[in-house]
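Note that these values count all heavy atoms, side chains included, but never hydrogens, waters or copies made by symmetry. First listed ligand is number 1; within each ligand, the first listed atom is number 1. Computed from a predicted model, the values in this text were never measured in an experiment.
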Amino acid sequence: MNLGSPNRVEHQLTDKGYVPVYTTAVVDQPWSKYTSTDHEVWSTLFKRQREILVGRASDEFLRTQEAMGMTPDRIPKYDDLNRMLRKATGWELVGVEGLLPELTFFDHLANRRFPVTWWIRKPEQLDYLAEPDLFHDLFGHVPLLMNPVFADYMQAYGRGGVKAHGIGPEALVNLTRLYWYTVEFGLIKQDDGLRIYGSGIVSSKGESIHCLDSAAPNRIGFDLERIMRTQYRIDTFQKTYFVIDSYEQLMDATRPDFTPIYASLAQHEAIPAGTVLDTDTVFNRGTGEGWATDGDV
Ligand code: PHE
Ligand code: CO
């Protein structure tokens, strides 16, 4: 049975290029309508990533993903995951068609609701998809919502987003960079080495290997204002990854009111995605091999 296409409303020019923006509606997950191909795509990606992520993803990510009961057998039901999540941290998943307008997205997070795209990619899209689908959202984002500190960080981010939206577009650019370099592409330092916690990495086979094993990218210690000034890549692997010491560090660093920070950042130029500064704590200075010379956003 064909599920049809998601309910896309328009393409919008954002700092990420032209992206489809979908209806803001919350929808029930059409679980009984997933095809055997949909379940197979989930299964293939799930097994492939779990294998790659042993020794690469953070211990906490692997542990929380197991604790939620996600398995390769079939696409998880949001209702089942919600029972675990509500108990652990009070978060809940809501189904959506895809990318939401910024303010709608922030409002969900501020109320401890995580929007999850209901549809999954096609078999020919296993390695790359330009927009988030169910695999990215569920496999990548949802496990760490079981962790109380990370769960609080996500809600605080949503509240901060509502506020930044009221301040203006530059503030939103600063805040979006923070999301990108932590929630989507963050690394964490464990006693036994660097590990991945960013959702954009854990849901990608290529980048899961590249971000830790390649000499090309920079790996630099977390620094809030530095990150908020740093451009990023939307169509290639990142040139730079930022490393946190702990989820508590994220929470503590983002506790202060950002209003004066936004004002001060407005006086500074953006930093290109691949630049290393004298003030950086450098885990790896990237060789820059294979880097595109344009296209930082
Ligand atoms: N403290 C930030 C502010 O005042 C909000 C925030 C929290 C932003 C956590 C990002 C992450 O805007
Ligand atoms: Co994402």
Side-chain angles (χ1 to χ4, degrees), residues 14-16 19-22 45 49 61 93-94 96-100 102-103 105-121 128-145 147-168 170-186 196-204 207-208 222-229 232-235 238 242 244 246-266:
T14 69
D15 59 326
K16 304 176 187 70
V19 297
V21 174
Y22 297 89
L45 286 171
Q49 287 310 104
F61 176 88
L93 311 179
V94 292
V96 293
E97 302 281 352
L99 283 175
L100 296 171
E102 267 152 343
L103 199 51
F105 178 66
F106 294 143
D107 181 65
H108 279 306
L109 298 187
N111 290 286
R112 283 176 115 82
R113 292 187 301 265
F114 193 79
V116 177
T117 306
W118 64 257
W119 53 271
I120 193 160
R121 67 193 73 187
Y128 184 76
L129 194 66
E131 58 183 299
D133 72 335
L134 178 147
F135 183 74
H136 167 78
D137 286 340
L138 267 194
F139 185 96
H141 283 284
V142 172
L144 281 180
L145 293 174
N147 173 286
V149 176
F150 198 83
D152 285 351
Y153 173 68
M154 291 295 283
Q155 177 177 30
Y157 182 88
R159 289 179 174 156
V162 173
K163 193 171 82 181
H165 190 270
I167 294 175
E170 286 94 2
L172 266 189
V173 168
N174 295 147
L175 193 68
T176 301
R177 289 179 182 144
L178 177 64
Y179 191 87
W180 194 263
Y181 279 121
T182 59
V183 178
E184 294 289 356
F185 291 95
I196 306 161
Y197 72 92
S199 318
I201 307 177
V202 293
S203 60
S204 156
E207 196 145 12
S208 291
F222 174 89
D223 174 339
L224 180 72
E225 295 191 30
R226 198 276 194 222
I227 289 177
M228 289 170 89
R229 288 177 58 198
Y232 53 88
R233 305 292 308 179
I234 53 167
D235 53 352
Q238 300 308 309
F242 290 93
I244 59 172
S246 64
Y247 303 110
E248 284 80 8
Q249 181 192 20
L250 264 187
M251 201 56 218
D252 292 342
T254 53
R255 233 183 274 277
D257 179 7
F258 283 8
T259 311
I261 301 181
Y262 294 136
S264 126
L265 290 177

Enumerated ligand 1 atoms positioned under 4.0 Å from heavy atoms of Gly160:
5 (C), 12 (O)
One finds that the ligand 1 atoms under 4.0 Å from a non-hydrogen atom of Lys163 are 3 (C), 4 (O), 12 (O)
Does ligand 1 have any atom sitting under 4.0 Å from a heavy atom of Leu175?
yes
Please write down residue, atom name and distance for the protein heavy atom closest to atom 6 (C) of ligand 1.
Ala156 O, 3.6 Å
Got Gln49 and Ser203 here, is their nearest side-chain heavy-atom distance under 4.5 Å?
no
Phe114 and His141 aromatic ring geometry - parallel, tilted or perpendicular at 30°/60° bounds
tilted
In ligand 1, which numbered atoms sit nearer than 4.0 Å to a non-hydrogen atom of Arg255?
1 (N)
Leu178: numbered ligand 1 atoms lying under 4.0 Å from its heavy atoms:
10 (C)
Give the numbers and elements of all ligand 1 atoms closer than 4.0 Å to a heavy atom of Asp257.
4 (O)
Check whether any side-chain heavy atom of Val202 lies under 4.5 Å from a side-chain heavy atom of Phe61, and answer yes or no.
yes
For the Co ion (ligand 2), find the closest N/O/S atom on His141 and give its atom name.
NE2
Is Tyr153 close to ligand 1, meaning an N/O of one under 3.5 Å from an N/O of the other?
no
At a non-hydrogen distance cut-off of under 4.0 Å, which region of Thr259 contacts ligand 1 (side chain, backbone, both, or neither)?
neither
Record the part of Arg159 in heavy-atom contact with ligand 1 below 4.0 Å; permitted values are side chain, backbone, both and neither.
neither
Hey, does Glu170 have a side-chain heavy atom less than 4.5 Å from the side chain of Val173?
no
Side-chain contact, heavy-atom cut-off 4.5 Å: Tyr197 with Ile244?
yes
Could you check whether any side-chain heavy atom of Leu138 comes within less than 4.5 Å of a side-chain heavy atom of Leu93, counting everything from C-beta outward?
yes
For Asn111 and Arg113, indicate whether the former's side chain and the latter's backbone hold a donor-acceptor pair under 3.5 Å.
no
Minimum-distance protein heavy atom relative to atom 8 (C) of ligand 1:
Phe258 CE2, 3.4 Å
Checking distances from the Co ion (ligand 2), one finds that the N, O or S atom of His136 closest to it is NE2
Find out whether Tyr153 and Thr182 are in side-chain contact, i.e. whether some heavy atom of one side chain is under 4.5 Å from a heavy atom of the other.
yes
Tell me, do Thr117 and Glu131 make a side-chain contact under 4.5 Å, heavy atoms counted?
no
Quick note on ligand 1: atoms under 4.0 Å from a heavy atom of Pro256 include exactly 1 (N), 2 (C), 3 (C), 4 (O)
I'd like to know: is the Co ion (ligand 2) within the 2.8 Å range of an N/O/S atom from Asp137, strictly under that distance?
no
Only N/O/S atoms count here: what is the atom of Glu184 closest to the Co ion (ligand 2) called?
OE2
Using the ring pair (Phe, Tyr, Trp, His ring centres under 6.0 Å) definition, which of the options Tyr157, Tyr232, Phe106 pairs with Tyr179?
Tyr157
